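Comments concern the structure below.
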Number of protein chains: 2
Amino acid sequence: METEAGSLYDGSCEVVAALDAIAGRWKLPILWRLAAGPVRYNELKRLVRGVTNTALTRALRELEADGLVERTEYPEVPPRVEYALSPAGRALEPSLEALVSWAGSRARGGVEVRRLAPDDDRTAPAPSTSDAGSRRTATSWRSR
Amino acid sequence: METEAGSLYDGSCEVVAALDAIAGRWKLPILWRLAAGPVRYNELKRLVRGVTNTALTRALRELEADGLVERTEYPEVPPRVEYALSPAGRALEPSLEALVSWAGSRARGGVEVRRLAPDDDRTAPAPSTSDAGSRRTATSWRSR
DNA sequence: CAGTATCCCATCCGATACTG
DNA sequence: CAGTATCGGATGGGATACTG
């Protein structure tokens, strides 16, 4: 529909653009933590293990700019700031759940991660090679 | 089991590690495209718009190393190589669907993307500031 | 408490050119 | 067709130090 040949759901431009909003080392972990409820800055820093001040702040600012999280500053004497998912952010909770459950199952040894086989035989199942040779000569498709 | 207190689903380490497998500019778009069925190299390059030879190959190699996609090489005269999701890769199809549908809805103007308000008033709703001042003196929490 | 300010390095990615 | 080789530039993230 919509004029353009194959675009909306074919894994291209628009999707890529939207995906950029959650790309980055810490965005997903942060969003996932926030999905459980509002959290203060330092609490977040503790919960999302390994994140540094700089990284956390940068990620939060970007998520805020993209309308996924909301920042609420309470003018109290010991400064208090809470971060929470915005309505738009809550829209991707299903995705987060799916992703996290997948990540969890894979972390639990469901799959051997990053295990390169030393001598992986990959020259393959030779599916009806019978006609090979009858095809164009070896370089016919290489125009020049 | 595994000893550790609070870890599996709290948005930290394990999940972060697993997420790394799909992190990168092109991994998700590629996986999404592959979810629709096996595709040849150059076809993939056309479908995932904007990707370059180098980026595509690199992403594919990593996805392969992480066991998410399978590469099948057919020993024919014009070389033919097909990429497809592995069983493990198919395990994250639900996540892909959720993600893509979210990305799609947001691309369709559901949310104003990356729109910074010029003078956003963010010093906030002052929730019962009545006790401010009665709290510890301004710098009491700053130990030194 | 909740950040900023810098500096620096690693990685990612794009562009270009070449090959089995 | 399906890649590899190389290089340069942008970005993201880490470490450290300091502040309203």
Side-chain angles (χ1 to χ4, degrees), chain A residues 16 19-30 38-66 69 71-84 122-124 132 135-144, chain B residues 16 19-30 38-64 69 71-84 122-124 132 135-144:
Chain A
V16 172
L19 252 26
D20 275 356
I22 56 169
R25 184 85 182 66
W26 301 109
K27 302 256 186 92
L28 257 353
I30 289 170
V39 189
R40 299 175 60 167
Y41 182 87
N42 276 309
E43 201 182 345
L44 199 49
K45 198 171 73 177
R46 271 189 304 274
L47 293 168
V48 179
R49 263 173 303 230
V51 72
T52 61
N53 255 341
T54 343
L56 180 55
T57 302
R58 199 181 323 136
L60 285 170
R61 292 285 174 273
E62 290 179 17
L63 289 170
E64 211 190 335
D66 281 319
V69 319
R71 189 191 114 113
T72 314
E73 178 176 321
Y74 297 85
E76 297 175 354
V77 173
R80 182 159 69 98
V81 177
E82 279 191 354
Y83 291 90
R122 59 170 46 149
T123 31
R135 303 176 68 102
R136 336 171 183 120
T137 60
T139 54
S140 67
W141 45 269
R142 194 182 189 175
S143 47
R144 101 151 173 74
Chain B
V16 171
L19 252 23
D20 275 356
I22 56 170
R25 183 89 182 67
W26 301 110
K27 302 257 186 91
L28 257 353
I30 289 171
V39 190
R40 297 175 61 167
Y41 181 86
N42 276 310
E43 200 183 346
L44 199 50
K45 198 170 73 175
R46 271 189 303 275
L47 292 169
V48 179
R49 264 173 302 229
V51 73
T52 63
N53 255 341
T54 343
L56 180 55
T57 301
R58 202 179 318 135
L60 284 170
R61 292 284 175 273
E62 291 179 16
L63 289 170
E64 209 190 337
V69 319
R71 190 190 112 114
T72 315
E73 180 176 320
Y74 297 84
E76 300 175 352
V77 174
R80 182 160 68 99
V81 176
E82 279 190 353
Y83 291 90
R122 61 169 43 147
T123 31
R135 302 177 68 101
R136 335 167 182 125
T137 60
T139 54
S140 66
W141 46 269
R142 195 180 188 174
S143 47
R144 101 147 171 78

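Reminder, nothing fancy here: chain letters follow the sequence lines and each chain counts from 1. None of the values given here were measured: they were computed from a predicted structure.
The nearest whole Å value for the distance from the CZ atom in B/Arg46 to the P atom in D/dG3 is 14 Å. Note: OH (A/Tyr74) to C1' (C/dG3) measures 18 Å, nearest angstrom. Straight-line distance from the CG atom of B/Asp20 to the P atom of D/dG13: 11 Å, rounded to whole Å. Nucleotide C/dG3 holds its P atom 8 Å from the CG atom of A/Asn42, rounded to whole Å. When the C1' atom of D/dC1 is taken as reference, atom NZ of B/Lys45 falls 10 Å away, rounded to whole Å. Rounding to whole angstrom units, CZ of residue A/Arg61 and C1' of C/dT4 are separated by 10 Å. We find that CG of B/Leu60 is positioned 14 Å from C1' of D/dT4, with the value rounded to whole Å. In this structure, CD of B/Glu82 is placed 11 Å from P of D/dG3, rounded to the nearest angstrom.
The pair A/Glu64-A/Arg61 meets the salt-bridge criterion, with a side-chain N (NZ, NE, NH1 or NH2) lying under 4.0 Å from an Asp/Glu carboxylate O.
Considering B/Tyr83, B/Trp26, B/Tyr41 in turn, B/Tyr41 is the only one that fulfils the side chain to side chain contact (heavy atoms under 4.5 Å, CB included) rule with B/Leu56.
Residue A/Arg71 has no polar side-chain atom (N or O) positioned under 4.0 Å from OP1 or OP2 of C/dA2. Applying the 4.0 Å criterion to OP1 and OP2 of D/dA2, one finds that B/Arg40 has a side-chain N or O inside that range. In this model, the phosphate group of D/dG3 is approached by a side-chain N or O of B/Tyr83 to a distance below 4.0 Å at OP1 or OP2.
Taking CZ from A/Arg71 and CG from A/Leu63, the interatomic distance works out to 13.5 Å, rounded to the nearest 0.5 Å. Interatomic distance, CG of B/Asp20 versus CD of B/Glu62, reported as 10.0 Å (0.5 Å rounding).
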Open item on the list: How would you summarise protein contacts on nucleotides 12-18 of chain C per nucleotide, using B for base, S for sugar-phosphate only and - for none, with heavy-atom distances below 4.0 Å?
Closed with: SBSBB--

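D/dA10 is paired with C/dT11 under the criterion used here, namely a Watson-Crick or G-U wobble arrangement in which both key atom distances are under 3.5 Å.
Counting heavy atoms from C-beta on, the side chains of A/Leu60 and A/Leu44 come closer than 4.5 Å. A/Val51 places none of its side-chain heavy atoms less than 4.5 Å from the side chain of A/Arg25. Between A/Lys45 and A/Asn42, some side-chain heavy-atom pair lies under the 4.5 Å cut-off.
Of the listed nucleotides (C/dG20, C/dG3, D/dG3), D/dG3 has the atom at the smallest distance from the side chain of B/Val81.
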